[in-house]
Protein chains: 2
Amino acid sequence: MIKVLVVDDEPQIARALRINLAAHGYEVSTASDGAQALRAAAAIVPDLVVLDLGLPDMDGTEVIAGLRGWTKAPILVLSGRAASAEKIAALDAGADDYVTKPFDIGELLARVRAATRRSGPGADSPVTEIGGATVDLAAREVHRGGEEIRLTPTEWQLLEVLLRNPGKLVGQRELLHRVWGPNYDRETNYLRQYMAQLRKKLEEDPARPAHLLTEPGMGYRFRP
Amino acid sequence: MIKVLVVDDEPQIARALRINLAAHGYEVSTASDGAQALRAAAAIVPDLVVLDLGLPDMDGTEVIAGLRGWTKAPILVLSGRAASAEKIAALDAGADDYVTKPFDIGELLARVRAATRRSGPGADSPVTEIGGATVDLAAREVHRGGEEIRLTPTEWQLLEVLLRNPGKLVGQRELLHRVWGPNYDRETNYLRQYMAQLRKKLEEDPARPAHLLTEPGMGYRFRP
DNA sequence: GTCACCTTTGACGATTTCTTGACGGCCCCC
DNA sequence: GGGGGCCGTCAAGAAATCGTCAAAGGTGAC
């Protein structure tokens, strides 16, 4: 089932979207502000995000950037502003479509179909190899030698951020923000703790990691 | 170069699109009716199609269907009709986006960027060449002859400031401020120390630097 | 209430990185 | 020719960071 995350601070609109999307066979989650949206997205890993730009806590483009950091799921932006500059900013931040309110629900559904059609058959099961383990981010599964390995939610989030940036260094501040939230800046002991757990579960030789690498003083890197 | 096929029977609009797209680095072809469009598409295999629905010879959805039969290139539909039924029909026929005329050219370009961004993820981060080494600032990676070279955090910061101002002289005070903070003004020995380390790691002949140059009494300069 | 699991915290050597001081060579100016 | 300033280099102590172990909250299931 296709998972859709609806982000809107107006309960009526959120409710209307939820009902219509659910009626067409989508699995719908909702969030009412930017922080909630980012957390919910990390938790449920949606296939599509419908995002209202008029959120109370964050600028819309920040939310888009936060999502784009780790997911390629289509982002469909709703907004009351029809100004071209707004549209351009949102689209260039990483949004896939921009619909101005008031909108026709039928058209929105068609745009949702168009967006999911592209991304749907494109990616089957993006499995990543780490040491002797295979990681399936979409299915949230890790196997090693036929055995299934369980990861905790925090371990998943951390691993996902790293795997979505293969080869690239991810700063420790960025990791903390993405996994624990914007208020965490210096709790690098969290990173040490969870990186050690991930290595123990995934790496062939946890003491000498070959794929989950430390860049001293900067952050961590996943090497395929 | 990204190839765009513009299909419109109104010469003014087709011309305006061609000029704007070409100005932004796209390779543009044009067609003025549906049959031409399908033939041109088969010939040049575009990466994106901008399609006006009001064609003289065929219905717009037929053109979309004809393209969708063999290509997954994004189709961006232009139309004077704002009716939702039209939009839904076009989107469900296989279009990726639908823009009603009159449209803002900046917005259209943003939608083109959004559409091509999805389909063409073959964008590696830009690398800079220094001596025999390749520096990837985004990934925080340095290679030289297949070997990986490690830089410390301070070395990265210093190198980044220089590389982001290619060819330009950066004063030593500016370097100290950017890397160590606003309280450092005269600690030029830091610069000497770290410039020497960078040269040893990056330059072909560290004693006679070819890219990380000293401007005596002023500062340092990166020469590409 | 108890249990199992996950998250958060604290602390400690081992290692890397940063800072600091000193010395000689070079160039420019006097 | 002499002097001063600036740069490159080397070496060693100080500081920060990392991996690891251990244990204290928290939360939900039963």
Side-chain angles (χ1 to χ4, degrees), chain A residues 39 42-43 140 142 148-162 169-181 183-221, chain B residues 140 142 148-162 169-173 175-181 183-221:
Chain A
R39 228 174 313 127
R140 302 244 137 173
V142 179
E148 185 168 342
I149 299 177
R150 287 172 43 91
L151 299 188
T152 73
T154 309
E155 287 167 3
W156 268 116
Q157 291 187 43
L158 182 56
L159 182 63
E160 183 152 11
V161 175
L162 289 171
L169 179 133
V170 188
Q172 33 197 22
R173 197 147 322 156
E174 193 178 342
L175 283 171
L176 286 168
H177 285 187
R178 290 251 179 91
V179 178
W180 280 271
N183 296 330
Y184 292 77
D185 272 332
R186 316 205 171 280
E187 281 77 357
T188 60
N189 45 328
Y190 290 12
L191 294 178
R192 297 207 296 277
Q193 172 72 9
Y194 279 94
M195 286 303 297
Q197 293 181 18
L198 283 177
R199 282 169 178 156
K200 186 154 35 172
K201 292 183 178 180
L202 300 178
E203 286 276 3
E204 207 108 38
D205 180 0
R208 225 174 335 336
H211 301 90
L212 299 173
L213 309 180
T214 302
E215 300 285 343
M218 314 191 52
Y220 292 86
R221 176 199 309 274
Chain B
R140 284 268 135 87
V142 179
E148 196 170 326
I149 300 178
R150 295 178 41 120
L151 301 187
T152 72
T154 310
E155 287 167 3
W156 270 115
Q157 289 187 47
L158 182 56
L159 182 63
E160 181 157 15
V161 174
L162 289 172
L169 174 113
V170 188
Q172 27 197 20
R173 188 151 332 154
L175 283 172
L176 285 167
H177 286 186
R178 287 250 188 102
V179 178
W180 280 272
N183 297 329
Y184 291 76
D185 273 332
R186 316 207 169 279
E187 282 78 357
T188 60
N189 45 326
Y190 289 12
L191 294 178
R192 296 205 297 276
Q193 169 74 5
Y194 279 97
M195 286 303 298
Q197 292 182 18
L198 282 178
R199 284 170 177 155
K200 185 154 43 173
K201 291 184 179 180
L202 300 178
E203 287 276 4
E204 207 108 38
D205 181 0
R208 227 178 293 47
H211 301 90
L212 300 173
L213 309 180
T214 302
E215 299 286 342
M218 325 254 321
Y220 292 86
R221 176 200 309 273

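When reading the values below, keep in mind they use all heavy atoms of this one structure, side chains included, and skip hydrogens, waters and symmetry mates. Order of the sequence lines fixes the chain letters, A, B, ..., with proteins taken first and strands second; residue numbering starts at 1 for each chain. All values reported here derive from a predicted model rather than from experimental measurement.
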Phosphate contact (dC18(C) OP1 or OP2) by T152(B) side-chain N/O below 4.0 Å: yes
Separation of atom [atom1] in [X] from atom [atom2] in [N], rounded to whole Å:
X       : N       : atom1 : atom2 : value
M195(B) : dC10(D) : CE    : P     : 16 Å
L191(B) : dC6(D)  : CG    : C1'   : 12 Å
E215(B) : dC28(C) : CD    : P     : 13 Å
R150(B) : dC18(D) : CZ    : C1'   : 12 Å

Atom [atom1] of [X] and atom [atom2] of [Y]: how far apart are they, to the nearest 0.5 Å?
X       : Y       : atom1 : atom2 : result
R140(B) : R150(B) : CZ    : CZ    : 13.5 Å
E187(B) : Y184(B) : CD    : OH    : 6.5 Å
M195(A) : E155(A) : CE    : CD    : 11.0 Å

Nucleic acid footprint by protein, nucleotides 25-30 of chain D - heavy-atom cut-off 4.0 Å, B for base, S for sugar-phosphate alone: ------
Counterpart residues, salt bridge (charged side-chain N to carboxylate O under 4.0 Å, His left out), relative to R208(B) (two or more places apart): D205(B)
Partner residues of E148(A) under the salt bridge (charged side-chain N to carboxylate O under 4.0 Å, His left out) criterion, sequence neighbours left out: none
Any donor-acceptor N or O pair under 3.5 Å, side chains N183(B), H177(B): no
Distance-only donor-acceptor check, side chains T214(B) and R199(B), under 3.5 Å: yes
Identify the pairs formed between an N or O of the protein and an N or O of nucleotides 19-24 of chain C at a distance under 3.5 Å, and give each distance.
residue: dT19(C); atom: OP2; partner: W180(B); partner atom: NE1; Å: 2.8
residue: dT20(C); atom: OP2; partner: Y190(B); partner atom: OH; Å: 2.0

Helical bend (five base pairs per end, nearest 10°) for the helix from dG1(C)-dC30(D) to dC30(C)-dG1(D): 40°
Contacting residues from residues 199-211 of chain B, given that a heavy atom lies under 4.0 angstrom of DNA chain D: R199(B)
Backbone N/O of H211(A) and side chain of E203(A): donor-acceptor pair under 3.5 Å: yes
From dC6(C), dC18(D), dT17(C), nucleotide with atom closest to Q172(A) side chain: dC18(D)
Y194(A)/W180(A) aromatic ring centres below 6.0 Å: yes
